[in-house]
Amino acid sequence: SDVYKRQPYINVTKLLLLKMKQRQKKSAIIFVSSASSENQNGQIGIYGSTKIQNKYWAEYVSLEYSSRNIDVLCLTPGFVQTKMISQSQIAFFIVDVQQCVS
């Protein structure tokens, strides 16, 4: 379908899976989501919806390829104090940038 051709992460995943299957060795793919995928706040709703899409894609790929010796993980980090987050109503589990790099 045309819709999948416009989703770069799907195309990249398909390419990685093809290479991993050819290698026939234990492999892993790691996707990155966000805590915003679990907290649909009005100000970050669009961002959160893209991250939940990553999470569900990772779950699908994991179900499809776990029997082929390919592990699929999805990391869901919390919030970092950025302009986007400071404009939202989220007030918990937020770290600032300096805490992340130290």
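Since this is a predicted model, take the numbers as computed values, not measurements.
Taking CD of E59 as the reference point, atom CZ of F31 lies at 11.0 Å (rounded to 0.5 Å). Note that OG of S62 and CD1 of I70 are 10.5 Å apart. Values are rounded to the nearest 0.5 Å.
There is no path of hydrophobic side-chain contacts, each under 4.5 Å, that joins L16 to L73. Connection of I29 to L75 is not established within any shared hydrophobic cluster, with ILVMFWY side chains joined at heavy-atom distances below 4.5 Å, either directly or through further cluster members. Following chains of ILVMFWY side-chain contacts shorter than 4.5 Å, one cannot reach V32 starting from W57, and the two form parts of different hydrophobic clusters.
Annotation: side chain of E64 is not in contact with side chain of L17 (no heavy-atom distance under 4.5 Å).
Shown here is K26, whose NZ atom has more than 12 heavy atoms of other residues, nucleotides or ligands within 6.0 Å.
Looking at every heavy atom in both residues, I52 comes nearest to S33 through N-OG, 4.4 Å.
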